[in-house]
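Here's the structure we're looking at; comments come further down.
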Amino acid sequence: MTSDLATADSPVLAVARRAREAAAALAPLPRRAKDDALAAIADALVARSAEITAANAEDVARAREAGTAESVIDRLTLDDDRIAAIAADVRKVAGLPDPVGEVLRGYTLPNGLDVRQVRVPLGVVGIIYEARPNVTVDAAALCLKSGNAVLLRGSASAYRSNTALVAVLRDAVVSAGLPADAVQLVPGESRDSVRELMRARGLVDVLIPRGGASLIRTVVEGSTVPVIETGTGNCHVYVDAQTDLAMAVGILLNSKAQRVSVCNSAETLLVHQDVADAFLPLALAALAEAGVTVHGDEAVLKAAEGSPATVVPATEEDWEAEYLSYDLAAAVVPSLEAAVAHIRRWSSGHTEAIVTPSQAAARRFTQLVDSTTVAVNASTRFTDGGEFGFGAEIGISTQKLHARGPMGLPELTSTKYIVTGDGHVRGEAAQTVGGAGDAC
């Protein structure tokens with residue numbers, strides 16, 4: 001840690017220093033202590049639901065006055081049912097195995113040295129996220145279970161909600177005997193506090209941004225703290241030749257319209273030309289009933305003639321759009337390979353789905369598509385930490401280093417090697433600086 005960070009007079013750095021002390025206290029805790037804290041959090045969320053929803057109502061009212069899009073307001077809104085669901089997710093996290101101390105590999109060398117690689121907490125994890133107050137609890141629960149302290153920097157639009165939630169979380173962890181500073185809200189509503197957090201290298205071990213492309217790009221490009229990059233969700237559904245039409249319509253509707261404001265909702269439909277005449281009329285009618293506007297290529301526009309669907313011509317921008325709304329780009333492709341080529345060009349690397357009865361086609365698609373998740377005969381909406389059995393998720397990483405896809409408890413750990421000997425010393429030949437076997 002640099003001396004200026006250790007002594008600088010700043011509210012943001014002050015909470016980071018306190019988080020570092022809390023992280024040192026959390027790291028050696030047994031599972032029972034962490035699970036008790038999570039149970040206390042779940043109980044407190046339900047018990048203080050009225051307090052949380054009152055604060056959230058102020059945020060929602062301000063958002064509506066500001067003309068915020070309904071998709072964003074949906075992500076911002078908390079009610080008793082959503083809080084109960086969040087509390088249930090916290091209990092699921094408590095029920096998961098503790099990753100800390102897990103031995104990833106262990107062996108004994110010929111000289112008798114015992115070598116083990118074990119999981120350890122990352123330390124202090126900073127989360128920078130937009131108007132989704134459920135992330136406040138998910139992130140805190142996952143970080144606590146994995147032995148990390150967490151610094152939460154939500155958007156100004158959810159400041160009252162996050163303030164109320166963090167007050168509940170801190171009271172709960174203290175009641176369970178953990179340090180309150182294991183969970184902290186980064187002070188400030190301006191971008192200055194975000195920039196300061198991004199520069200707190202040596203106090204903060206890793207940053208995880210969650211939100212739109214602009215937020216993620218800002219954090220990735222401007223941070224001196226290591227970043228696990230999460231990504232936007234331009235997800236595709238590809239309907240292969242000779243498909244089960246009813247299954248394909250059901251998967252498409254669920255992928256697109258079950259909840260449009262989230263990153264794992266489908267934004268593009270690709271249809272094999274051999275099945276387009278049979279599938280598109282059914283799909284367009286179903287999308288129309290769900291209120292979806294289709295941005296189609298020429299083949300889709302032609303299929304829409306006489307259909308109740310709202311279909312407009314697609315532009316280049318539509319193929320790369322993350323709508324987060326009742327909009328869907330659609331195109332007819334001549335082959336599976338053409339679908340893959342389209343995905344490789346335009347996808348954000350999040351989730352792609354294929355609907356097909358052919359094992360060969362499914363195998364080919366999963367081999368060629370390079371995204372975090374490839375679904376076969378299943379909705380894109382399953383790309384989610386909770387659905388994957390992680391209890392919750394800290395985010396969905398679209399990068400390839402450290403973590404990829406939904407990030408749960410193991411992704412919030414690093415490793416260290418524990419080497420145990422019995423008076424072992426290294427031989428003279430291997431100690432020569434720069435010689436054979438020298439590590440540095």
Side-chain angles (χ1 to χ4, degrees), residues 11-12 15 45 48-83 85-86 89 125-141 143 150-170 183-198 207-223 227 229-233 259-265 321-327 392-396:
V12 174
V15 298
L45 287 169
R48 297 171 66 175
S49 180
E51 174 185 336
I52 297 165
T53 54
N56 179 252
E58 295 182 38
D59 286 334
V60 171
R62 285 202 313 169
R64 285 216 160 90
E65 288 174 9
T68 303
E70 280 302 314
S71 61
V72 177
I73 291 176
D74 175 60
R75 284 178 282 176
L76 172 64
T77 301
L78 294 175
D79 55 26
D80 288 343
D81 288 341
R82 286 190 176 182
I83 291 171
I86 293 169
D89 285 342
V125 178
I127 315 292
I128 300 174
Y129 54 106
E130 294 178 334
R132 294 188 63 180
N134 65 294
V135 173
T136 301
V137 181
D138 289 349
C143 285
V150 63
L151 295 174
L152 299 154
R153 179 49 171 90
S155 62
S157 60
Y159 190 77
R160 289 170 175 79
S161 305
N162 290 334
T163 298
L165 285 167
V166 170
V168 172
L169 297 174
R170 286 169 63 86
V183 181
Q184 296 184 80
L185 193 67
V186 175
E189 297 182 64
S190 73
R191 294 183 179 179
D192 290 341
S193 66
V194 176
R195 284 191 285 269
E196 201 166 358
L197 183 63
M198 289 162 52
L207 286 178
I208 302 173
R210 287 189 61 170
S214 176
L215 168 68
I216 294 165
R217 184 170 57 251
T218 296
V219 176
V220 170
E221 294 177 357
S223 179
V227 177
E229 182 177 354
T230 60
T232 55
R259 191 177 181 191
V260 300
S261 64
V262 289
C263 63
N264 57 16
S265 64
E322 184 188 32
Y323 295 113
L324 301 177
S325 63
Y326 284 95
D327 292 88
E393 69 186 24
I394 204 76
I396 296 176

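Source: prediction; values computed, not measured. All heavy atoms count here, side chains included; hydrogens, waters and symmetry mates do not.
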- Query: Which value, rounded to the nearest 0.5 Å, describes the distance between Arg75 atom CZ and Cys263 atom SG?
  - Reply: 9.0 Å
- Message: Suppose we screen for salt bridge (Lys or Arg N to Asp or Glu O under 4.0 Å). Which residues come up paired with Glu189, at least two apart in sequence or across chains?
- Response: none
Please output the side-chain donor-acceptor pairs of residues 126-133 that fall under 3.5 Å, not counting sequence neighbours, one pair per line with the distance.
from: Tyr129; atom 1: OH; to: Thr136; atom 2: OG1; distance (Å): 2.6
from: Glu130; atom 1: OE1; to: Gly212; atom 2: N; distance (Å): 3.0

- Note on the structure: Sequence neighbours excluded, the answer for salt bridge (Lys or Arg N to Asp or Glu O under 4.0 Å) partners of Asp79 is none
- Message: Within the structure provided, determine whether Leu152 and Leu185 are in side-chain contact (heavy-atom separation under 4.5 Å).
- Response: yes
- Enter the distance from Ser190:OG to Glu196:CD here, rounded to the nearest 0.5 Å. 9.0 Å
- Query: What are the two closest non-hydrogen atoms of Leu45 and Val168, and how far apart are they?
  - Reply: N-CG1, 4.0 Å
- Value rounded to 0.5 Å, distance of CD in Glu322 from CG in Asp327: 12.5 Å
- Message: Taking the side chain as everything from C-beta on, heavy atoms only, tell me whether Ile394 gets closer than 4.5 Å to Cys143.
- Response: yes
- d(Leu165 CG, Glu51 CD) to nearest 0.5 Å is 9.0 Å
- Do you know which of Asn134, Asp59, Thr68 makes side-chain contact (heavy atoms from CB on, under 4.5 Å) with Leu76? Asp59
- Query: Pro209 and Leu207: which non-hydrogen atoms are nearest, and at how many Å?
  - Reply: CD-O, 3.9 Å
- Message: Please give me the minimum heavy-atom distance between Thr232 and Ala213, naming the atom from each residue.
- Response: CG2-N, 3.5 Å
- Can you sort out the partners of Pro11 under side-chain contact (heavy atoms from CB on, under 4.5 Å), two or more places apart, ordered by chain and number? Pro187
- Query: How about Thr77 and Arg82: does a side-chain donor come under 3.5 Å of a side-chain acceptor?
  - Reply: no
- Query: Which heavy atom in Val12 sits nearest to a heavy atom in Ser193, and how many Å separate them?
  - Reply: CG2-CB, 3.8 Å
- Query: Taking only residues two or more places apart in sequence, or in another chain, which ones meet Tyr323 in a ring-ring contact (aromatic ring centres under 6.0 Å, His included)?
  - Reply: His295
- Query: Which atoms form the tightest heavy-atom contact between Gly154 and Asn162, and what is the distance?
  - Reply: CA-ND2, 3.7 Å
- Glu393 versus Arg210: any side-chain heavy-atom pair under 4.5 Å? yes
- Ion pair check, Glu70 and Arg64, cut-off under 4.0 Å: yes
- Here the pair of heavy atoms bringing Val186 nearest to Leu151 is CG2-CB, 3.9 Å
- Under the side-chain contact (heavy atoms from CB on, under 4.5 Å) test, which residues partner Ser49, sequence neighbours left out? Thr53, Asp80, Ile83
- Task: To the nearest 0.5 Å, tell me how far Ser157 OG sits from Arg62 CZ.
- Result: 8.0 Å
